[in-house]
Amino acid sequence: MDNQFNRYIIFWLSQALSQLGSSMTGFALVLWAYTQNGSAMTVSLMTFFNYVPYIIVSLFAGTFVDHHSKKKIMLVSDSMAAMCSAVIFVLSARSGLQIWHIYLVNFIIGFMNAFQGPASSVAIGKIVPKDKLTQVSGMNSFSGNLVTVLSPVLAASLFASGGLKLILSIDLLSFVFAFLVLLFVLRIPKDTPRQKEKKSMFAGCAEGFHYLKGHRGIFMIIITMALLNFFSRLTYENILSPMILARSGNNSVVLGIVNAIMGIGGIVGGIIVSTGKVKGNSAKMIYVSALLSFLLGDVMMGAGRNVVIWSFAGLMASLPIAFINAGQMVILYKHVPEDIQGRIFAVRNALQFSTIPFGILLGGFLADYVFEPFLMTANPVTGILRMIVGTGAGSGMAVMFLCTGILGALFSLISYQLKDIRDLNEES
């Protein structure tokens, strides 16, 4: 088992490298798209077209994942993503790349991720010893946040020196390395297609919901996390950058510092969790961590008026995320039978992430048409709010952070008090 875990570490490193390449490509495409028309909505739609197919297809992908080789699914999904990058490379080289091409590519990648995600999750459950699941979650959080910190810096530098084609070339090379590791190094025990009665994908979706209906604690965790995702995406996905730029006099250095500190917070959280020394009630770990993230992160981000407070708020918002993910991982792997994990993970992904695209779009709308105009009016309510967040451009978006922070913290506290969740009483 130790040898198998060592193989997983090699796989994890290769995937982190591939994620860095993909993240750099995503950032470069945002830079390219924004330079074409200067539209923030264009960037939002790029994210939207990636999430929508992922959420819809996830409802039905679980049955396919449970009945087919996890390794083959991961290989095919990664290959399709690489082909999309190759197509973008060719179009860019011929000066034929258009915005709609990126929308289409993101749609295809989102579609394939709906299969790759649950396949990878089930594979981890087969490979990793149960006592190392929390540690693996910390490792994933560490690598993910390291990618978040490094990819914008590297992508911006490479984009300035070699353009989009250079970044796409690096992305493709990182894919080749990760593909070879997955093909030749990673071994998934008993990962063979199961000969069973054929069932439609709709039947698998129904089975997933039926299982969750009978395990209300897990179902309630998924639903509450979906709502917490909605609160967080109202602000951080679209609002953080324009708010800080507006309140700092368009100082991109300040924005870069805050984003970097947020990434560092995630890295620190991942390191702590990956030590394997984080023990205790997993449900409590989820909701106490979420409460602290909203209360110390969002509220301080909205009330802050300088880079020091914004950076501290970013640290407090991102550090607990690793603990939230670890708590979910332990509960799911210990409660869900291995032979239906694909269906459960797929349905979980569809439900838990379904609120994200709506949060992204609604956040931009509320900022531009509700909160920013409202803070410019004179009335007793805005007078009190301006005492907390200050005045001027960006103050309405700051109030949005106050709202999501308070609502998210209260909802986290209420969620943990739910009997179905507390009854899980899961010890990691």
Side-chain angles (χ1 to χ4, degrees), residues 55 58-59 62 117-118 121-122 124-125 130-131 133-138 140-141 205 207-234 269 272-273 278-299 316-338 340-356 359 404-428:
I55 292 166
S58 287
L59 285 169
S121 296
V122 175
I124 290 173
K130 299 299 183 184
D131 62 343
L133 288 173
T134 301
Q135 182 178 351
V136 165
S137 179
N140 291 335
S141 179
C205 175
E207 289 172 0
F209 278 108
H210 179 74
Y211 176 86
L212 293 176
K213 182 180 178 180
H215 296 77
R216 288 182 55 83
I218 297 176
F219 182 66
M220 291 307 299
I221 286 179
I222 293 173
I223 295 300
T224 54
M225 290 307 301
L227 291 172
L228 291 176
N229 279 337
F230 176 76
F231 287 136
S232 67
R233 288 322 192 275
L234 279 173
I272 295 172
V273 174
V278 178
K279 306 294 182 181
N281 185 300
S282 296
K284 185 176 181 180
M285 184 190 303
I286 293 171
Y287 294 104
V288 171
S289 299
L291 185 149
L292 293 174
S293 178
F294 280 107
L295 196 60
L296 299 180
D298 291 48
V299 172
M316 292 297 99
S318 58
L319 193 150
I321 302 301
F323 296 85
I324 297 173
N325 294 334
Q328 289 188 78
M329 174 177 279
V330 170
I331 287 175
L332 288 171
Y333 281 123
K334 288 194 173 183
H335 282 280
V336 179
E338 185 177 289
I340 63 168
Q341 283 181 357
R343 276 160 281 183
I344 302 306
F345 281 121
V347 172
R348 187 280 301 260
N349 291 345
L351 293 175
Q352 194 161 308
F353 302 138
S354 63
T355 55
I356 291 177
T404 57
I406 295 171
L407 291 174
L410 287 175
F411 188 74
S412 299
L413 181 62
I414 293 170
S415 297
Y416 183 60
Q417 301 304 316
L418 295 175
K419 183 179 184 299
D420 292 320
I421 291 177
R422 293 182 68 89
D423 284 348
L424 285 172
N425 198 27
E426 179 62 45
E427 296 294 330
S428 59

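Closest non-hydrogen pair, Arg348 versus Gln328, comes out as NH1-OE1, 3.8 Å. When every heavy atom of Thr404 is checked against every heavy atom of Phe231, the shortest pair comes out as CG2-O, 3.5 Å. In terms of heavy atoms, Gly297 sits closest to Met316 at N-CB, 4.2 Å. Residues Tyr333 and Val122 come closest through the heavy atom pair OH-N, 4.3 Å. Here the closest heavy-atom approach between residue Gly405 and residue Asp298 is recorded as CA-CB, 3.4 Å. The two residues Pro320 and Ser289 come nearest to each other via the heavy atoms CB-O, 3.3 Å.
When side chains are defined from C-beta on, His215 does not count as touching His335, because their heavy atoms never get closer than 4.5 Å. Counting heavy atoms from C-beta outward, Phe219 and Leu351 have side chains that approach closer than 4.5 Å. Arg233 places none of its side-chain heavy atoms less than 4.5 Å from the side chain of Thr355. Inter-residue side-chain proximity for Leu228 and Phe411 is flagged as met; some heavy-atom pair is nearer than 4.5 Å. Proximity of Ile286 to Tyr416: side-chain heavy atoms (C-beta onward) are nowhere separated by under 4.5 Å.
Atom CG of Leu418 and atom OG1 of Thr224 lie 7.5 Å apart (nearest 0.5 Å). The OH atom of Tyr211 sits 4.5 Å away from atom CD1 of Ile218, with the distance rounded to the nearest 0.5 Å. To the nearest 0.5 Å, atom CD1 of residue Ile324 and atom CD1 of residue Ile221 are 12.0 Å apart. The CG atom of Leu332 sits 6.0 Å away from atom CD1 of Ile222, with the distance rounded to the nearest 0.5 Å. Here the OH atom belonging to Tyr287 is positioned 12.0 Å from the CD1 atom belonging to Ile414, to the nearest 0.5 angstrom. Atom CG of Leu234 sits about 9.5 Å away from atom CG of Leu407, to the nearest 0.5 Å.
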Practice problem: Begin from the C-alpha positions of Asn140 and Asn325 and carry the test side-chain contact (heavy atoms from CB on, under 4.5 Å) through to its verdict. | Solution: CA-CA 9 Å; Asn140 291 335; Asn325 294 334; over 6 Å; no

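No donor-acceptor pair under 3.5 Å is formed between the side chain of Ser293 and the backbone N or O of Ala290.
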